[in-house]
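Okay, so here's the structure we're looking at.
Below, chain A is the first sequence line, B the second, and so on; all start at residue 1.
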Amino acid sequence: MEIYLPIAEMSVHWLIVLAMGFGVGFLSGVFGIGGGFLMTPLLIFYGIPPGVAVATTASQVSGVTFSGVLAHWKRGSLDFKMGTVMMASGLIGTAAGVFLFGVLRRMGQSEFSVSASYVILLGSVGVIMLNESIRTWRAAWEGRSVSGRRPGQHNWIHGLPFKVRFRQSRLYISVIPPVVLGFVVGVLSAIMGVGGAFLMVPVMIYMLRMPTNVVVGTSMFQVLIVTSAATILHAVNYFSVDIVLALVLIVGGVFGVQYGVRVGAKLRGEQLRFFLALLVLAVAARLFYEMVARPADLYSLTAVMP
Amino acid sequence: MRNLALAALVLFAAPASAEENLVSGLSQDVVQITSNYTGTDLTVFGAVEQPPAGGIGDIVVVVRGPQAMMTVRRKDRIAGIWINDARARLVLPSYYFIASTRPLDGIASHETLGRYELGLANLHADPEVSDGDPAPYVAALVRAEARKGLYRQSFGSVEMLSATLFRVHVPVPATVPRGSYNVEVYLFRDGAVISAQSTPLYVDQTGFERRLFDFAHGWPFFYGLSTVLMALFLGWASTLFFRKR
């Protein structure tokens, strides 16, 4: 049965949308990511206007993430102090990102900049993750052990001022890196409709050296706040959130997550990172191909907002 | 200009040929978009009363959607990447359907067709272009709208049910924009408009969809907030659902 989307002003087949929500939710459950970086391109591919796709994906990510946040909160694997610091700068970043999105849209470059940021970010994160997972895999094969976290080691981050103690993360570091990270993720969330976990998790693990068990819960908390804010800001500024589309996506998504988590629990960490890296690189490669291949129609049409 | 020409015609030309009146009607004058709307079909029907012995002439039926300002952008290859470079702003109807008894160039001259904006090649786009010639932009827009089923022309699709009675099916696709439309019926003979009629048609969302749309535009903050709360509720509800099993 087709349903009519009042904001996108088009009708879609609800089963297809439900399946997209489920599929992306499943992958989020497996890999512990929000899945926005898959959802937005998928919706655009299905014919949803890019603005509506970005804004509605943000609401979908916040719904899917909320159940995860609850679970981590109960388990105590959520660093509220770190989360709050990143949230504060994340909200500023989101506001800046929504403003930037409007400027790019008026310039006619929103589509290009969304694609370009996807290619650059997904490409580099994917390569780093692939490299790291293969190294770990090979080391395990050869019977060596690699330790991800070396507590005694210091890097340049430890030389920065304004040090704060984050008890839950067992860290005593400067607030500057979390603030910058939160801001960047906020901007990305607004212009790409993504939560930014795929960027945040590696930075928290490898640069901030947070313990892995706290990383996922804390990044989910940050993603939840930032995507919720992005949803509201898009709704206020561009009227581009489609609540009917969001409803179907979230219902599919929350079920997908539950099944995904079960599958994800059976996979080993480096296997997870290997498959996630492949997925991320595949999306980046596809978007890159679209940017360099000659488009079928050189002209594209955008209706000016009434 | 086209509207003026049409108004003048309806006012002055029609009474002059009162003995052969063109009458027409619509199967429905409101298209309501509901939650399971997937497009519909309208029927425009009409008759020419007391036609001359030589036959009624040619019938042209046009349906125009509300005028919309649209931006067409052209991609150029810059450093190996296709990127939007030049643009044109055009003002054109958001929906356009034309049907006639035979190809338009056999019915009237190019000037006459242009005056009434009949045919996809004869639309006045009022272009404002960032570089050079507007023609490829207008052509691209027509192409894009035709792909979406919003622009359509079909010659010979006016069904003659009898010597004076005609009927046209107008497809209204699911992506049709809301607003007030105009259905125009023209009677041509010897390259000139003998009579014309214009009937309004409204396309609007109704019921739940309408309320959501008004909510989103009237109280955007609360609309966004409710979307978020709905998302959070569904996320929370799913954990309950899965705990029980």
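A salt bridge is absent between B:Arg115 and B:Glu111: the closest approach of a Lys/Arg side-chain nitrogen to an acidic carboxylate oxygen does not fall below 4.0 angstrom.
With a threshold of 4.5 angstrom between heavy atoms, A:Leu247 approaches chain B through its backbone and through its side chain. If you measure heavy-atom distances from A:Val64 to chain B, you find no contacts under 4.5 Å at all. Heavy atoms closer than 4.5 Å to chain A are found in both the backbone and the side chain of B:Ala216. Of the two parts of A:Leu70, only the side chain, counted from C-beta on, holds a non-hydrogen atom closer than 4.5 Å to a non-hydrogen atom of chain B. Interface residue B:Ile33: only side-chain heavy atoms are found under 4.5 Å from chain A. Contacts of A:Val244 with chain B are made by side-chain atoms alone, with heavy-atom separations under 4.5 Å and no backbone atom involved. Contacts of B:Pro173 with chain A are absent, with no heavy-atom separation under 4.5 Å from either backbone or side chain. With a 4.5 Å cut-off on non-hydrogen atoms, B:Arg87 does not touch chain A at all. In this structure, the portions of B:Glu209 lying under 4.5 Å from any heavy atom of chain A include both its backbone and its side chain. With a 4.5 Å cut-off on non-hydrogen atoms, A:Ala229 does not touch chain B at all. For a residue to count as touching a neighbouring chain, one of its non-hydrogen atoms must lie under 4.5 Å from one of that chain's; by this rule B:Arg143 touches chain A with the side chain only.
Formation of a donor-acceptor pair under 3.5 Å by the B:Tyr202 side chain with backbone atoms of B:Arg178 is not found in this model. Formation of a donor-acceptor pair under 3.5 Å by the B:His124 side chain with backbone atoms of B:Gly114 is found in this model. Under the 3.5 Å distance criterion, the side-chain polar atoms of A:Thr94 are left unmatched by any main-chain donor or acceptor of A:Ala230.
Applying the 6.0 Å contact sphere to CZ of A:Phe288 captures no more than 12 heavy atoms from other residues, nucleotides or ligands. Counting non-hydrogen atoms of neighbouring residues, nucleotides and ligands closer than 6.0 angstrom, the CZ atom of A:Phe45 reaches no more than 12 such neighbours.
With sequence neighbours left out, A:Leu104 forms a side-chain contact (heavy atoms from CB on, under 4.5 Å) with A:Leu100, A:Gln109, A:Ser110, A:Ser113.
Residues A:Val98 and A:Tyr238 form a side-chain contact, since some pair of their non-hydrogen atoms from C-beta on lies under 4.5 Å apart. Within the 4.5 Å cutoff, the side chain of B:Tyr186 has no heavy atoms near those of the B:Ile107 side chain. Counting only heavy atoms from C-beta outward, the side chains of A:Arg286 and A:Tyr118 never approach each other to under 4.5 Å.
Residues of residues 147-159 of chain B lying under 4.5 angstrom from chain A, judged on non-hydrogen atoms, are B:Arg147, B:Lys148 in numerical order.
Put simply, of B:Asn84, B:Leu141, B:Leu229, B:Val176, the one with the most heavy-atom pairs under 4.5 Å next to chain A is B:Asn84. Chain A forms more heavy-atom pairs under 4.5 Å with one residue of B:Pro136, B:Pro177, B:Ala140, B:Ala174 than with any other, namely B:Pro136. Top candidate by heavy-atom pairs under 4.5 Å with chain A, chosen from B:Leu225, B:Ile81, B:Thr175, B:Leu232, is B:Leu232.
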Determine, stepwise, if the pair A:Phe26 / A:Tyr259 fulfils ring pair (Phe, Tyr, Trp, His ring centres under 6.0 Å). CA-CA 6 Å; A:Phe26 182 81; A:Tyr259 290 106; 7.8 Å; no
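Residue A:Val61 is tested with A:Val24, A:Val223, A:Ile250, A:Leu249 for a side chain to side chain contact (heavy atoms under 4.5 Å, CB included); the sole match is A:Val223.
Separating the NE2 atom in A:His234 from the OG atom in A:Ser59 is a distance of 10.5 Å, to the nearest 0.5 Å.
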